[in-house]
> 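Sharing a structure, written as structure tokens. Questions coming.
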Amino acid sequence: MDQARRTELRDLYYHTLVDDVVPFWLNHALDREYGGYLNCLDRDGSVYDTDKAIWLQGRGVWLFSTLYNTLEPREEWLEAARIGYEFLARHGYDSDGRMFFLVTRDGRPLIKRRYFFSETFAAIACAQYAKATGDDAAWDLAQRTFRLIVDLVRNPSRLTPKVNPATRRTISHAIPMILLATAQEFRKVDSDPLYDEVAGEAAEQILTKFMRPDKHALFENLNHDGSLMLDTADGRLVTPGHAIESAWFLMHEGQHRGDDRYLRAALDILRWMLDLGWDQEHGGLLYFVDYLGKPPTRLEWDQKLWWPHTEALYALLLAHELSGEAWCAEWYERVHAWSFEHFADPEYGEWYGYLHRDGSLLTPLKGGTWKGPFHLPRALLYGYKLLAASG
């Protein structure tokens with residue numbers, strides 16, 4: 001990738017982030033009456049549902065705080081972070097310290113799930129907000145939430161099992177993946193050795209269990225002992241977006257530790273997932289893949305979602321920067337062209353989230369219970385900073 005192209009992409013990422021994506025959320029999501037963010041936004045930003053996903057409150061606080069801390073100290077970004085943080089701290093937590101998943105517009109609890117993804121995003125949100133403001137209460141909440149997460153991972157009996165453990169005990173790639181990302185975020189604001197310890201454990205689990213060089217794949221679900229369970233649909237499940245996201249988490253870990261083993265593993269994962277996940281007929285990344293080519297049991301398997309593409313954009317840029325290998329740049333250009341052609345909405349801003357397999361629009365929503373101000377702006381921010389740092 002020559003310097004002219006890098007400069008072109010740097011400018012595109014910056015202006016898409018600052019003049020398009022972030023203003024969409026600032027203009028439409030901030031709930032100045034009840035606090036927090038309205039998540040469910042139609043194509044033009046109009047609200048179609050007022051219930052609020054707690055994990056998206058955390059993602060929004062993280063984004064606005066991170067923009068303030070790492071890009072420009074704009075007061076509008078800090079104010080947006082404050083609106084989200086105060087709602088999250090006031091309404092996100094149950095009396096047992098765990099978090100809700102969905103609440104009403106004014107913060108009354110609706111749904112509480114067994115998973116702790118609300119907690120992971122709240123933790124990194126509070127950490128970045130504390131860094132931006134120096135708020136001791138926010139930092140205390142961040143630390144308490146992080147330690148709760150670590151305790152739940154290390155003592156899984158505290159969680160209600162999804163599958164009867166007397167019949168089948170399984171482990172999920174989503175757990176070390178999110179734990180690695182969360183610990184890496186805390187390392188940006190504090191030097192407690194616990195973060196290195198947790199990140200190292202999570203990275204090793206990804207490398208030694210879920211990443212399978214003999215199969216050229218990273219699997220989502222394994223038996224508890226780490227063995228494959230290819231006689232089940234869950235055991236054959238490959239999720240390209242998750243695996244690609246893990247790949248750049250591993251690259252960041254390798255940079256932090258000065259260990260090329262992480263980069264080599266990440267490059268392998270990237271290649272395998274692109275080979276398995278890229279739709280040779282229509283282009284774009286498939287949402288789910290059955291490793292053995294059996295009938296997919298998740299009926300949305302062939303949809304094209306925005307977030308795997310944003311993860312691939314940053315992962316490939318970073319892989320090319322660190323390795324210099326030409327295939328990374330070639331794949332990047334392919335993913336970039338397909339993504340910006342199909343997901344971007346030049347009329348109303350932001351990206352569509354959900355497309356049919358052929359790239360046509362499935363739904364015009366820009367925000368929902370699962371889509372908020374996170375994957376796209378994070379990829380744009382990290383991509384911009386990477387390109388800006390290299391000239």
> Decide whether a cation-pi geometry holds between Arg334 and Trp331; the criteria are a distance under 6.0 Å from NZ or CZ to the six-membered ring centre and an angle within 45° of the ring axis.
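That pair qualifies as a cation-pi contact.
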> Do other residues, nucleotides or ligands put more than 12 heavy atoms under 6.0 Å from Arg168 CZ?
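Result for CZ/Arg168: open.
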> Please determine whether a side-chain nitrogen of the Lys or Arg among Arg378 and Glu311 lies less than 4.0 Å from a carboxylate oxygen of the Asp or Glu.
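Counted as a salt bridge, because a side-chain N and a carboxylate O are separated by less than 4.0 Å.
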> Answer whether the closest heavy-atom distance between the side chains of Leu361 and His356 falls below 4.5 Å.
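Result no, sub-4.5 Å side-chain heavy-atom pair not found.
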> Quick test of your reading of the model: are Arg144 and Asp140 salt-bridged, counting only N-O distances below 4.0 Å?
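Yes, charged N to carboxylate O under 4.0 Å.
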> Cut-off 3.5 Å, side chains only: do Glu119 and Trp55 have a donor facing an acceptor?
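The answer is no; no qualifying pair exists.
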> Within 45° of the six-membered ring axis of Tyr37 and under 6.0 Å from that ring's centre, is NZ or CZ of Lys52 located there?
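Relative to the ring axis of Tyr37, which defines the angle, Lys52 lies outside at least one limit.
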> Compute both the distance and the angle, then confirm whether Arg43 meets the cation-pi test with Tyr348: under 6.0 Å from the six-membered ring centre, within 45 degrees of the axis.
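No, a cation-pi geometry is absent between Arg43 and Tyr348.
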> Does Asp136, at its CG atom, have more than 12 non-hydrogen atoms belonging to other residues, nucleotides or ligands within less than 6.0 Å?
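Counting other residues, nucleotides and ligands, CG of Asp136 stays at 12 neighbours or fewer.
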> Would you confirm whether the ring centroid of Tyr34 sits within less than 6.0 angstrom of the ring centroid of Phe87?
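Aromatic pair excluded; centres sit 6.0 Å or further apart.
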> Classify the side-chain pair Trp77/Glu72 by whether it contains a donor and acceptor separated by less than 3.5 Å.
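No donor-acceptor contact under 3.5 Å links the two side chains.
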> So does Arg5 have more than 12 non-hydrogen atoms from other groups sitting under 6.0 Å from CZ?
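Yes, the 6.0 Å shell around CZ holds more than 12 heavy atoms from other groups.
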> In this structure, is the centre-to-centre distance between the rings of Phe219 and Phe210 below 6.0 Å?
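Ring-ring flag for Phe210/Phe219: false, centres at least 6.0 Å apart.
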> Under the criterion side-chain contact (heavy atoms from CB on, under 4.5 Å), I'd like the reasoning laid out for Asp290 against Thr297: C-alpha separation, chi angles, the key distance, then a yes or no.
CA-CA 9 Å; Asp290 185 290; Thr297 59; over 6 Å; no
> With the threshold set at 4.0 Å, does a side-chain nitrogen-carboxylate oxygen contact exist between Glu185 and Lys131?
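No, no charged N to carboxylate O under 4.0 Å.
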> Decide whether Asp358 and Ser360 meet the rule of one side-chain donor and one side-chain acceptor closer than 3.5 Å.
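Per modelled atom types, Asp358 and Ser360 side chains form a pair under 3.5 Å.
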> Does NZ or CZ of Lys304 come closer than 6.0 Å to the centre of the six-membered ring of Tyr354, within 45° of the ring's axis?
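No, Lys304 does not sit over the ring of Tyr354.
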> What class does the angle between the rings of His216 and Trp272 fall in, given that below 30° is parallel, 30 to 60° is tilted and above 60° is perpendicular?
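Ring orientation, 0 to 90° scale: parallel.
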> Hey, are His173 and Glu220 close enough side-chain-wise for a donor-acceptor pair under 3.5 Å?
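Note: Glu220 and His173 side chains meet the donor-acceptor criterion.
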> State whether Arg298 and Glu300 are salt-bridged, where the test is any N-O pair (Lys NZ or Arg NE/NH1/NH2 against Asp/Glu carboxylate O) under 4.0 Å.
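No salt bridge links Arg298 with Glu300.
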> Verify the ring-centre separation between Trp248 and Tyr382: is it less than 6.0 angstrom?
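Centroid distance Tyr382-Trp248: below 6.0 Å, so yes.
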> Heavy atoms only: give me the nearest Val335-Trp278 pair and the separation to one decimal.
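Shortest heavy-atom separation between Val335 and Trp278 comes out as CG2-CZ3, 3.9 Å.
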> Begin from the C-alpha positions of Lys366 and Asp345 and carry the test salt bridge (Lys or Arg N to Asp or Glu O under 4.0 Å) through to its verdict.
CA-CA 10 Å; Lys366 299 290 179 54; Asp345 180 3; 2.8 Å; yes
> Any carboxylate oxygen within less than 4.0 angstrom of a Lys/Arg side-chain nitrogen, looking at Glu204 and Lys209?
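No salt bridge links Glu204 with Lys209.
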> If you measure from the Lys or Arg side-chain nitrogens to the Asp or Glu carboxylate oxygens, is any gap between Asp96 and Arg98 under 4.0 Å?
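Looking at Arg98 together with Asp96, the answer is no, because their closest N to O distance does not fall below 4.0 Å.
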> Taking the side chain as everything from C-beta on, heavy atoms only, tell me whether His336 gets closer than 4.5 Å to Leu12.
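Yes. Closest side-chain heavy atoms under 4.5 Å.
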> Check each of Asp196, Val189, Asp190 against Asp192 using the side chain to side chain contact (heavy atoms under 4.5 Å, CB included) test, and report the only one that passes.
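For Asp192, the side chain to side chain contact (heavy atoms under 4.5 Å, CB included) test succeeds with only one of Asp196, Val189, Asp190, which is Asp190.
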> Would you say the side chains of Ser227 and Asp225 form a donor-acceptor pair under 3.5 Å?
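Their side chains do contain a donor-acceptor pair, which is all the 3.5 Å distance test asks for.
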> For His320 and Glu325, test the side chains for any donor-to-acceptor distance below 3.5 angstrom and give the result as yes or no.
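Side-chain D/A pair, His320 to Glu325: absent.
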> Determine, using ring centers only, whether Phe121 and Trp62 are less than 6.0 Å apart.
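Between Trp62 and Phe121, the centre distance exceeds or equals 6.0 Å.
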> Assess whether a salt bridge exists between Arg82 and Glu86, defined as any Lys/Arg side-chain N lying under 4.0 Å from an Asp/Glu carboxylate O.
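So Arg82 pairs with Glu86 through a salt bridge.
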> Is the cationic atom of Arg113 (NZ for Lys, CZ for Arg) positioned less than 6.0 Å from the six-membered ring centroid of Phe101 and within 45 degrees of its normal?
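Yes.
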> To check you understand the geometry: which heavy-atom pair defines the closest contact between Ile269 and Leu218, and what is its length?
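Nearest heavy atoms, Ile269 then Leu218: CD1-CD1, 3.7 Å.
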> Take atom CZ of Arg114 as the centre, draw a 6.0 Å sphere, and report whether it contains more than 12 heavy atoms from other residues, nucleotides or ligands.
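Correct, the count exceeds 12.
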> For Glu79, is there an ion pair with Arg74 - N to carboxylate O distance below 4.0 angstrom?
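So Arg74 does not pair with Glu79 through a salt bridge.
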> Kindly indicate, with the supporting measurements, whether the criterion salt bridge (Lys or Arg N to Asp or Glu O under 4.0 Å) is fulfilled by Arg261 and Glu253.
CA-CA 10 Å; Arg261 181 172 58 110; Glu253 198 61 25; over 6 Å; no
> Going by heavy atoms in the side chains, are Asp51 and Thr369 under 4.5 Å from each other?
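Not touching, per the 4.5 Å side-chain cut-off.
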> What residue among Trp306, Trp307, Phe24, Phe340 forms ring pair (Phe, Tyr, Trp, His ring centres under 6.0 Å) with Trp351?
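Going through Trp306, Trp307, Phe24, Phe340 one by one, the ring pair (Phe, Tyr, Trp, His ring centres under 6.0 Å) with Trp351 is satisfied by Phe340 alone.
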> Are side-chain heavy atoms of Leu237 and Phe288 found at a separation under 4.5 Å?
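Yes, at least one pair of side-chain atoms sits under 4.5 Å.
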> Would you call the rings of Trp338 and Phe343 parallel, tilted or perpendicular, taking 30° and 60° as the class edges?
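It falls in the perpendicular class, over 60°.
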